[in-house]
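Encoded as structure tokens, the structure appears first; notes follow it.
In the text below, chain A, chain B and the rest are named by the order of the sequence lines, each starting its count at 1.
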Amino acid sequence: MSVSDVAPGPRIREKVGRDAWIQRGFILIIALYLIISLALPLYAMLSKAFEVNIYQLDQFTIAVSSEDGTFPDLPRNLADINAEIGVLGPDDMTASGDGRLSLTPFFPDFSFRSPVKYRIAGVDDSAVFLVGSERHSGKVPVEVDSNTFRKVVIRPLKAHGFQNFARYFSTPSLFQSIGNSVMIALVSTVITVTLAFWFAYAISRSCMRFKGFFRLVAMLPILVPSLLPGIALVYLFGNQGILKSFLLGHSIYGPIGIVIGSVFFTFPHAMLIIGTALSISDARLYEAAVSLRASRWRTFWTVTIPGARYGLISAAFVVFNLVITDFGLPKVIGGQFNVLAVDIYKQVIGQQNFEMGAVVSVILLLPAVLAFAIDRQVQKRQIAGLTARSVVFEPKPNRRVDLMWFGYCAVVAVFIVGIIGICQMAALIKFWPYDLNLSLNNYNFNRMDGGGWSAYGNSIKLGLLTAIVGTVVVFLGAYMVEKTKGFHRARALFQMLAMLPMAIPGMVLGLAYIFFFNNPDNPLNLIYGTMAILVVSTVTHFYTVSHLTAVTALKQMDVEFESVAASLKQPFTKLFRQVTVPVCMPAILNISIYLFVNAMTTVSAVVFLYSTDTALASVAVLNMDDAGDIAPAAAMGMMIFYTNAGARLLHSLGSKLILKRSEAWRRR
Amino acid sequence: MTAFLRIRELWKSFGSFVALRDISLDVNEGEFLCFLGPSGCGKTTLLRAIAGLDIQTSGSVHQAGRDISSLPPAERDFGIVFQSYALFPNLTIARNIAFGLENTGVEKSEINKRVAELLELMGLPEQANKYPAQLSGGQQQRIALARAIAMSPGLLLLDEPLSALDAKVRVHLRHEMKDLQRKLKVTTIMVTHDQEEALSMADQIVVMNHGSIEQVGTPNEVYTRPVSLFVAGFIGEMNQMSAKVGGKNRVVIGDLEFACNTGGLDQGSDAIVVIRPEDVFPVEPDSGKATPENSLKVHIDAMEFLGSFWRTHLTTTKLGGQNLIADFSVNAVQRLKMQEGNDLMVEMKKSNLIAFDAKSGAIA
Ligand SMILES: Nc1ncnc2c1ncn2[C@@H]1O[C@H](COP(=O)(O)OP(=O)(O)OP(=O)(O)O)[C@@H](O)[C@H]1O
Ligand SMILES: [Mg+2]
């Protein structure tokens with residue numbers, strides 16, 4: 001008996017119903033959104049990094065007359081002349097985009113008073129040269145006298161190559177940043193992960209008191225811009241700092257400051273990840289260890305650590321990534337210590353060297369992408385290791401040990417609350433350290449540069465718009481990827497694009513937006529300099545985590561809901577409105593608060609994109625600090641803190657209300 | 001009369017994996033049909049193809065004379081109940097049932113009446129304003145069923161609707177569902193891998209294996225006249241013995257020769273001969289008659305009391321080392337004073353022995 005493995009009949013093509021058309025439309029729109037807001041800008045940035053402008057000397061021939069104005073010799077190729085007398089070395093061939101090269105150095109005998117004439121011609125039609133501001137091209141020779149010849153210049157041609165990278169690596173002040181960045185990130189990672197591990201351990205494995213309070217405090221740094229600890233550290237250890245002597249002569253401006261600040265702002269992220277890993281480890285393993293009379297120490301190494309190892313690895317990568325891509329903190333407290341993220345800023349804003357900015361971006365992308373890729377792998381495994389039958393661990397009270405953990409957590413809490421407290425103090429003190437009276441003068445932002453109160457207003461606007469637009473885009477996108485059938489390629493592409501933003505540092509995204517949206521040939525450049533581009537960049541910057549949150553919530557819904565709705569001849573949109581959205585409401589609220597808080601605190605992507613009309617609070621902190629108005633900077637930072645704290649409070653009240661109202665059906 | 005549902009040459013592949021292979025099947029109007037087969041044999045895949053939820057690669061499906069082969073689910077006429085029930089958790093029972101009735105031009109009061117009627121039919125009139133999570137598994141299953149039949153679809157599809165329930169509720173609901181189906185006369189296809197469920201509920205059983213249909217028949221047919229070794233082994237208990245075809249309608253098992261229909265099998269070819277445990281009869285020793293054909297002496301190795309009968313493990317050296325399982329009535333065990341360790345004559349009637357080709361598993 002032989003059976004063919006190929007169906008004999010013609011392939012059935014499913015008739016595309018109304019629902020399917022709508023779904024395809026949505027997938028297309030959202031995929032298009034990600035392509036425009038992510039893929040194309042990144043492409044523009046990458047090609048900028050490899051873009052070089054080269055003087056193509058061999059495109060030109062020049063003939064020189066004798067003093068009587070006749071041309072006895074044949075025209076000579078400019079490249080040959082250069083080879084002979086060596087005006088330009090190989091390194092001098094590249095120029096910036098608007099470079100110009102005068103031709104007189106190629107003629108050592110040149111004198112502008114001489115009666116000698118010059119005929120300049122291109123070897124083909126693409127050769128372009130300027131006489132003064134007059135543009136000439138093509139093979140027809142242009143004859144000029146010596147005086148005019150001074151005004152003849154050739155322009156470099158755009159080409160692609162590795163010259164920018166070569167220049168980067170031959171400039172020590174630039175490539176040293178790689179080592180600096182990696183070093184800072186590694187040291188911060190080790191410290192943060194260690195501190196966060198013991199903190200999370202105390203919360204999940206001890207019976208100490210005030211766990212809820214400690215959990216809350218650990219999350220506080222998320223509510224402020226990453227550069228705020230920098231300001232606090234300046235107050236504590238800066239030139240006029242109260243605790244300056246603690247540093248034993250070292251300066252806070254530099255690696256020390258960056259590391260301390262990084263530990264502060266990455267702590268909640270590490271703590272969340274490790275806390276989750278610890279809370280899901282299986283209590284039955286501990287019981288087994290106890291019944292085997294294993295010592296606490298052995299239990300720790302054979303049960304706790306292996307159980308949490310994926311969490312630890314994941315936390316390490318996340319912290320590493322956050323630190324190496326952070327811009328605000330090293331900008332405020334880095335001093336002369338160069339790191340990659342700040343280099344991008346300096347190249348672009350300081351020197352207007354966009355190509356070099358793009359090169360540094362590409363270099364900053366590498367560790368970030370690597371860390372991201374490894375982290376994804378690790379997370380996949382952790383999910384696989386989870387079983388539904390695990391039993392939650394219940395710690396037993398032990399007075400002495402619990403007290404010890406309480407002490408440890410209290411120290412960490414003092415550090416976190418202290419940093420924010422110092423900023424609050426800085427904001428309220430009239431003129432540190434000369435006039436210690438309290439006042440609200442520093443909140444008088446309209447008197448400072450940086451955008452004033454309208455910057456704060458803009459930030460609120462950005463936060464709300466990002467939360468609304470972002471939540472809609474992200475949730476719809478996740479729904480389309482998760483819950484529709486067919487259209488496989490588009491969905492796979494979408495899924496990949498949705499994961500990408502996590503690996504793209506904010507600075508890189510911002511710079512990529514300049515290249516893409518500030519291009520006069522791009523019809524979308526009308527959003528450049530508006531609130532719209534800030535919203536788009538912020539939504540994109542924080543897309544991945546939001547997307548994953550939405551996907552997780554959607555995955556918990558029965559996969560057959562859509563099938564049931566279709567069998568009942570109801571459009572999927574009704575199902576979406578009446579079932580999907582209400583059931584996922586907690587996740588939707590989580591996404592919007594996440595987007596809001598991050599839009600309030602982010603600096604890195606928007607620092608390239610804001611205009612005078614759309615100055616932002618977080619950028620104002622940076623700029624006021626830069627201008628030496630440190631106290632107002634701290635005050636503005638605190639405004640962000642109050643706002644985010646308020647938003648979170650509202651969010652948790654809202655969530656509680658929703659959970660309460662849906663208690664009847666959520667109970668399982 | 002043409003069949004209500006007509007499936008022709010239907011194939012389904014996932015990439016290079018062929019999940020359904022040349023399925024052709026007719027379902028008559030009002031019939032209760034079961035897809036029965038081991039896990040992964042393609043039952044759900046076939047059901048989803050019929051529903052249009054995962055359209056077949058090739059082949060046609062006609063329902064009530066209409067070619068629905070390429071239609072999306074919303075343009076077909078069916079109700080479906082999934083193993084998980086897929087009840088909308090945030091909608092009340094009443095709104096779950098009414099979900100398909102809304103936006104169809106039916107008046108609100110009509111909808112309410114219909115919902116009440118369905119709840120009555122399901123025996124759950126009090127539950128209208130509860131949420132799914134507040135009901136038991138069996139109740140949820142009935143709500144899912146009510147939702148599926150609310151719009152009086154022409155075809156009811158059930159994918160393992162009872163498998164999430166515990167055994168007792170399951171048996172109870174079997175009868176309820178069967179009664180309901182008879183009352184509504186709705187053509188029903190149910191997927192199950194529980195043969196008892198299929199045997200007790202179905203008018204027709206479709207036995208599937210590896211993406212193909214092995215046999216279509218009434219429960220009695222597939223039980224008593226399996227057309228392949230797979231069906232014989234899959235449904236009910238079966239003694240399977242390696243044999244050689246001796247001559248026309250003779251098989252040799254171990255040292256003994258038996259009369260057995262050998263169909264088209266060649267003499268000397270390998271066969272598998274099967275018999276159900278309840279078809280192995282004890283021979284009354286004092287009946288005076290000569291030893292009947294197809295009988296042999298066996299040793300009672302072990303006996304298990306299973307309530308209505310005794311499952312008996314019989315050993316013999318004569319069948320080439322192969323042993324038998326027989327189910328004896330309580331009555332026979334008493335009458336013949338059977339007990340472990342005793343010897344016994346048993347008979348395997350020619351009409352109860354079925355031979356299959358050992359290589360292909362096809363019936364002789
Ligand atoms: N979407 C899919 N992609 C690839 N293979 C699939 C897909 N769906 C089903 N299959 C494969 O097709 C075969 C038949 O699957 P199907 O779900 O129809 O089995 P089943 O008979 O319903 O089994 P069960 O009793 O376990 O539900 C299986 O081998 C399965 O792995
Ligand atoms: Mg199945």
Apply the test side-chain contact (heavy atoms from CB on, under 4.5 Å) to residues B:Val207 and B:Phe230: give CA-CA distance (whole Å), side-chain angles for both, the deciding distance (0.1 Å), then the verdict.
CA-CA 9 Å; B:Val207 185; B:Phe230 171 79; 3.8 Å; yes
Given the rule in the side-chain contact (heavy atoms from CB on, under 4.5 Å) test, do B:Gln139 and B:Met122 qualify, once you have shown the distances and angles that lead to the verdict?
CA-CA 9 Å; B:Gln139 289 172 326; B:Met122 293 295 155; over 6 Å; no
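With a 4.5 Å cut-off on non-hydrogen atoms, B:Ile80 touches chain A through its backbone and its side chain both. For B:Asn90, the parts lying near chain A are the backbone and the side chain together; criterion is any non-hydrogen pair under 4.5 Å. With a 4.5 angstrom heavy-atom cutoff, A:Arg13 touches chain B only via backbone atoms. For B:Leu20, no part lies near chain A; criterion is any non-hydrogen pair under 4.5 Å. Both the backbone and the side chain of B:Ser84 come within less than 4.5 Å of a heavy atom of chain A. Both the backbone and the side chain of B:Arg147 have a heavy atom closer than 4.5 Å to some heavy atom of chain A.
In this structure, the separation between CG on B:Leu162 and CE on B:Met190 is 6.0 Å, given to the nearest 0.5 Å. Distance check, rounded to the nearest 0.5 Å: CD of B:Gln140 to CG of B:Leu135 gives 6.0 Å. A distance of 11.5 Å separates CG in A:Leu568 from CG in B:Asn103, rounded to the nearest 0.5 Å. Interatomic distance, CG of B:Asp77 versus OG of A:Ser567, reported as 10.5 Å (0.5 Å rounding). To the nearest 0.5 angstrom, B:Asn112 atom CG is 11.5 Å from B:Ile97 atom CD1.
Residue pairs meeting the ring-ring contact (aromatic ring centres under 6.0 Å, His included) criterion with at least one partner in residues 57-82 of chain B, sequence neighbours excluded, are absent.
Residues of residues 14-30 of chain A lying within less than 4.5 angstrom of chain B, judged on heavy atoms, are A:Glu14, A:Lys15, A:Gly17 in numerical order. Within residues 573-590 of chain A, the residues approaching chain B closer than 4.5 Å by heavy atoms are, in numerical order, A:Lys574, A:Leu575, A:Gln578, A:Val579, A:Pro582, A:Val583.
Put simply, the side chain of B:Phe35 does not reach to within 4.5 Å of the side chain of B:Cys41, judged on heavy atoms. Using a 4.5 Å heavy-atom threshold, the side chains of A:Val481 and A:Val551 count as separate.
By the side-chain hydrogen bond (donor to acceptor under 3.5 Å, both in side chains) test, B:Asp22 pairs with no residue at all, sequence neighbours left out.
Chain A forms the most heavy-atom pairs under 4.5 Å with one residue out of B:Phe99, B:Tyr131, B:Tyr85, and that residue is B:Phe99.
Heavy atoms from other residues, nucleotides or ligands lying under 6.0 Å from CD of B:Glu9 number 12 at most.
Counting only distance, with no hydrogens or angles, the side chain of B:Gln56 and the backbone of B:Gly59 share a donor-acceptor pair below 3.5 Å.
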